[in-house]
Protein chains: 2
Amino acid sequence: MKWKPSRLSHLTIQEQIVDWIKSRIECGDWTVGTKIPTQRQLAAQFNVNRSTVQLAIEELKADGMLESKMGSGVFVANNSWNVLLDRSQPNWQQHIESSIYKPNYRTIQLINEYEQYDHVIRLGTGELSPELLPTKQIEQSLKVISLDAKSIGYSSPQGSLKLREILCNYLKKRDIQTSPENILIVSGALQALQLIAMGLLEEGSVVFHEQPSYLNSVHPFQSAGMHMIPVSRNPNLSDNMRTLKRKRQSLYYCVPTLHNPTGYNWSLEEKKNLYNVCNELQIPIIEDDVYHELLFEPTSPAIKSFDASGQVLYIGSVSKTLSPGLRIGWIVAPSPVIERLADIKMQTDYGSSAFSQEIVAHWISTGLYERHLVTLREQLKRRAIFVENILDQQFKEIATWRKSEGGFYIWLRFNEPIVNKRLFLDLLNQNVLINPGYIYDSGDLHHIRLSYAYASLEELNIALTYLLEHAR
Amino acid sequence: MKWKPSRLSHLTIQEQIVDWIKSRIECGDWTVGTKIPTQRQLAAQFNVNRSTVQLAIEELKADGMLESKMGSGVFVANNSWNVLLDRSQPNWQQHIESSIYKPNYRTIQLINEYEQYDHVIRLGTGELSPELLPTKQIEQSLKVISLDAKSIGYSSPQGSLKLREILCNYLKKRDIQTSPENILIVSGALQALQLIAMGLLEEGSVVFHEQPSYLNSVHPFQSAGMHMIPVSRNPNLSDNMRTLKRKRQSLYYCVPTLHNPTGYNWSLEEKKNLYNVCNELQIPIIEDDVYHELLFEPTSPAIKSFDASGQVLYIGSVSKTLSPGLRIGWIVAPSPVIERLADIKMQTDYGSSAFSQEIVAHWISTGLYERHLVTLREQLKRRAIFVENILDQQFKEIATWRKSEGGFYIWLRFNEPIVNKRLFLDLLNQNVLINPGYIYDSGDLHHIRLSYAYASLEELNIALTYLLEHAR
Ligand SMILES: Cc1ncc(COP(=O)(O)O)c(C=O)c1O
Ligand SMILES: Cc1ncc(COP(=O)(O)O)c(C=O)c1O
């Protein structure tokens, strides 16, 4: 589908490339400041030698249309526009830089980008491997789903009633008693956090969380102007939070089950203690429980299960268990909260995909979901043991870790502070993508989040060997 | 699934209802300040007389658990909590009121709510009638879609490459030349506006738009702190915008094809003029073109088709044509804009439903989509004529309107300023839901947005009769 130079043209290949790049600039797709693809990418697209691309780019630089910036690539030059036409363009760069939302950290942007390439081994990805996804079964289930016209129109604010009723029932097994009116369907757990940030907190509010934290790798609260304050769960928690909060509104965000990035579980006592402290200070709790279904052994009940004051906003999702592509999650919360968040959701995207909701309803209500979970946990466990064996054999001298209790991750701690941007880039150069600890705790140069869920066993083996070479 | 009192219990029905309401409060689902369902709704849920519900509520009021607020319903009382337990609750009302996002207007919340009820005739709904949705065909297409595991994992930032390639091709027919890298898949056109608000404008920026405007009925820019400034497209447009903008960043939002709520089309001259003015002032244009496929006759080309300066952010969607439940739309824009918006989308919801994307890709690439559009336009046209006939016969004395050129709407103007909240509520009382003009232009008491797309012909007939009675 992509443009390629033609051998039949009366123009040389280089001339055609020059014209094509000019046309991209002329038609406004590549505005001033756009970083153009690398020579390697262009050569692959055009199916020509890199040297031909290079010559074309040199020509355009000489004409003042493109410019190199040391170490960061080739860009559409400031005066390219004057060269081409006497037209002005909006100053997109300025629009972007002054706008509200924070950009992702560069490392995370790189991760998002490199996760697209098949040749890269993903040693940290928080996602099920393609081989663990029940792709064929989902495809089969598409064949038996029957749609009615009402359900594929614009959704009611809280999402499919059928799915909410099914979830209600499903959550009972976890000792969470609720009703369909107290559930909001969202497009994944991340959107739940986004809606809470916009709908329940004034600017300048405080979000307490543990360090390291998933919240440092995404920005739902930071972009809404909240202060992120790490607190540790020690006996002074209550006094600490009272002092840190002052008169400001606040929230406590936690992942008590199979925490991201550490994989740790809280004890029942720790949960009760947090609940009581927050209750005393009237601080709502966000209990992000997206990994719950992946516990190898049952653990203590969710905080939500003993919440008698409507204090806990409980979040779930099928991203970690069934398919992230569904983009379906849920929030369980008191009625005023659900109504408020549903109202904002209607203003944000008019609801989640009806088709995804149908699929999830089908999987949970028929029991397909729970049968799949049984196998999935076994497979994850086998993978965890595989990686732990390699670590036992090769990493004992230089790193420490805890045995996995479920989910995807091992929070590997190197004795030396070697996990820096350099290591990240060096490994990327060898086509190994890691999730360094500093994206979850900016001061941390000791950890990486190992994921045994994504790469194949063979790839895990290779990547850990590379890692070992760099770490020694 | 919902709770009902049991005839077999040793408690009276009323006692059971009292206990159930108490338990909802106790478990924290109904927090202080929650508005409880109406007596009518509860009586229907419990399958009992309204008087029994009333007695139960009186008892709870006497106990201090519930309280009435004049004209607005029954609420969980402030001291209900003290009555029940010695626990404190987060002050949700305060959290909500001080938070960032604006609530929907009350009228729009009511519309969202009443659109859920089957007995209500929807005279203004901007959505295809269930009978116009190709439900069975979509169901059929689910059976032939084949999934691969890569496509149902977390998405790449811009969305499915397959779908972007298909769209690229599809848009060519509209003289829009672009490439897959310049397309971002979003969860509907509304999300496109949301992302632009967060990613391309600083707080206090100006969004120019026409009055009346769809943007007054949703708040993507307002909630992000932008100023909405209506401008009319007269010969002084350039001077006006220059003066109104001052030194602030700005954008021009428009729906030049089958405008919502008026249904009007711009002429080519108007489009060129706007483009030139915005180009001169370096103001980006959002061209919201979600109704394009529903034109009864071809109209002048999209502004995007003659955009040579990367000035136009072009938005499309399948919500108005195929199914709103898919939640799939797209933005075509210069590369830096797409990269920025894709980055924010990843932080907001990690991409749109992979399943919805597969369905849309299938429908467009196989030609199913265009075949469906042919029939759909015919059916809409028949409906438009049906409504126009009724108007011709019955509304000529009291109102004016233009003949529809496509889409869903007739912008009906009453000679007298009768379209106020009273009329809205009176009609709602007769189970007729209208979209009054004031939600698109707060000062407008003359118009309603008639939609011939949703209700059945019979319902349209009935509802227009009611409307006539109130309007005379
Ligand atoms: C703790 C935690 N919460 C939320 C999410 C987001 O999940 P979803 O795909 O449901 O938005 C993730 C995924 O990385 C996560 O690890
Ligand atoms: C002009 C206009 N833009 C955008 C939208 C939102 O469409 P979507 O369902 O694709 O988010 C609508 C729907 O009401 C509309 O009328």
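Values in this document were obtained by computation on a predicted structure and should not be read as measured data. In the text below, chain A, chain B and the rest are named by the order of the sequence lines, each starting its count at 1.
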Inset, instruction - Name the member of Met346(B), Glu113(B), Gln347(B) that forms the most heavy-atom pairs with chain A at distances under 4.5 Å. - result: Gln347(B)
Inset, instruction - Give the member of Gly188(A), Gly126(A), Ser156(A), Gly225(A) that has the highest number of heavy-atom pairs under 4.5 Å with chain B. - result: Ser156(A)
Legend entry - Which portion of Gln109(A) sits near chain B, non-hydrogen atoms under 4.5 angstrom: side chain
Legend entry - Choice from Ala333(B), Pro284(B), Pro130(B) maximising heavy atom contacts with chain A below 4.5 Å: Pro284(B)
Legend entry - Region of Ser352(B) in contact with chain A, defined by heavy-atom distances below 4.5 Å: backbone
Inset, instruction - Counting only heavy atoms closer than 4.5 Å, note whether Ala197(A) contacts chain B via side chain, backbone, both or neither. - result: backbone
Legend entry - Shortest non-hydrogen separation from Asp343(B) to Pro103(A) and the atoms involved: OD2-CA, 3.4 Å
Inset, instruction - Return the option, out of Leu142(A), Ile152(A), Leu128(A), Leu322(A), with the maximum number of heavy-atom pairs under 4.5 Å with chain B. - result: Ile152(A)
Legend entry - Option in Val218(B), Leu147(B), Val337(B) with maximal non-hydrogen atom pairs under 4.5 Å from chain A: Leu147(B)
Inset, instruction - Quick one: closest heavy-atom pair of Gly199(B) and Ser99(A), and the distance? - result: O-OG, 2.9 Å
Legend entry - Structural part of Phe75(B) lying under 4.5 Å from a heavy atom of chain A: neither
Inset, instruction - Please indicate whether Lys136(B) has more than 12 foreign heavy atoms, meaning atoms of other residues, nucleotides or ligands, lying under 6.0 Å from its NZ. - result: yes
Inset, instruction - With a 4.5 Å cut-off on heavy-atom pairs, point out which of Glu97(A), Glu139(A), His95(A) contacts chain B the most. - result: His95(A)
Legend entry - Asp118(B) portion near chain A, given a 4.5 angstrom heavy-atom threshold: side chain
Legend entry - Region of Glu115(B) in contact with chain A, defined by heavy-atom distances below 4.5 Å: neither
Inset, instruction - Pick one of side chain, backbone, both or neither for Tyr117(A), based on which atoms fall under 4.5 Å of a heavy atom in chain B. - result: neither
Inset, instruction - Verify the distance criterion only: is there a donor paired with an acceptor across the side chains of Ser335(B) and Asn182(B) at less than 3.5 Å? - result: yes
Inset, instruction - Go through the atoms of Glu181(A) and report whether side chain, backbone, both or neither lie under 4.5 Å from a heavy atom of chain B. - result: side chain
Inset, instruction - Answer with yes or no whether the side chains of Ser309(B) and Asn279(B) bring together a donor and an acceptor at under 3.5 Å. - result: yes
Legend entry - Short side-chain to backbone donor-acceptor contact, Gln158(A) and Ile183(A), under 3.5 Å: yes
Inset, instruction - Name the region of Ser250(A), side chain, backbone, both or neither, that has any atom closer than 4.5 Å to a heavy atom of chain B. - result: backbone
Legend entry - Any Leu200(B) side-chain heavy atom under 4.5 Å of Leu341(B) side chain: yes
Inset, instruction - Find the one option among Lys143(A), His219(A), Arg340(A) whose heavy-atom pairs under 4.5 Å with chain B are most numerous. - result: Arg340(A)
Inset, instruction - Identify which part of Ser323(A) has an atom lying under 4.5 Å from any heavy atom of chain B, answering side chain, backbone, both or neither. - result: both
Legend entry - Best-contacting candidate, Ile283(B), Ile138(B), Thr125(B), against chain A by heavy atom pairs under 4.5 angstrom: Ile138(B)
Legend entry - Gap separating the CD1 atom of Ile328(B) from the CD atom of Gln191(B), nearest 0.5 angstrom: 9.5 Å
Legend entry - Option in Gly153(B), Ser356(B), Ser187(B) with maximal non-hydrogen atom pairs under 4.5 Å from chain A: Gly153(B)
Legend entry - Interchain contact, Leu133(A) with chain B, by part (heavy-atom threshold 4.5 Å): side chain
Legend entry - Between Arg327(A) and Ser319(A): side-chain donor-acceptor atoms closer than 3.5 Å: yes
Legend entry - Best-contacting candidate, Pro37(A), Ala354(A), Pro334(A), against chain B by heavy atom pairs under 4.5 angstrom: Pro334(A)
Inset, instruction - Determine whether Leu313(A) and Val332(A) make a side-chain contact, defined as any pair of heavy atoms from C-beta on separated by less than 4.5 Å. - result: no
Inset, instruction - Counting only heavy atoms closer than 4.5 Å, note whether Asn104(A) contacts chain B via side chain, backbone, both or neither. - result: both
Legend entry - Mutual orientation of the aromatic rings belonging to Trp30(B) and Trp20(B) [parallel < 30°, tilted 30-60°, perpendicular > 60°]: perpendicular
Legend entry - Segment of Leu201(B) engaging chain A (4.5 angstrom heavy-atom cut-off): both
Inset, instruction - Go through Ser205(A) and Leu251(A) one step at a time and tell me if the side-chain contact (heavy atoms from CB on, under 4.5 Å) criterion holds. - result: CA-CA 8 Å; Ser205(A) 294; Leu251(A) 261 180; over 6 Å; no
Inset, instruction - Output yes when a side-chain donor or acceptor of Glu358(A) lies under 3.5 Å from a complementary backbone atom of Ile145(A), and no otherwise. - result: no
Inset, instruction - Using a 4.5 Å cut-off on heavy atoms from C-beta on, say whether the side chain of Met198(A) contacts that of Ser223(B). - result: no
Legend entry - Segment of Ile359(A) engaging chain B (4.5 angstrom heavy-atom cut-off): side chain
Inset, instruction - May I ask you to name which of Leu193(B), Asp148(B), Thr135(B) has the most heavy-atom pairs under 4.5 Å with chain A? - result: Thr135(B)
Legend entry - Side chain, backbone, both or neither of Gln194(B) within contact of chain A (heavy atoms, under 4.5 Å): side chain
Legend entry - Closest-packed option against chain B by number of heavy-atom pairs under 4.5 Å, given Thr178(A), Val144(A), Leu161(A): Thr178(A)
Inset, instruction - Verify the distance criterion only: is there a donor paired with an acceptor across the side chains of Ser179(A) and Arg24(B) at less than 3.5 Å? - result: yes
Inset, instruction - Verify whether one side chain among Lys162(B) and Gln357(B) offers a donor that lies under 3.5 Å from an acceptor in the other. - result: no
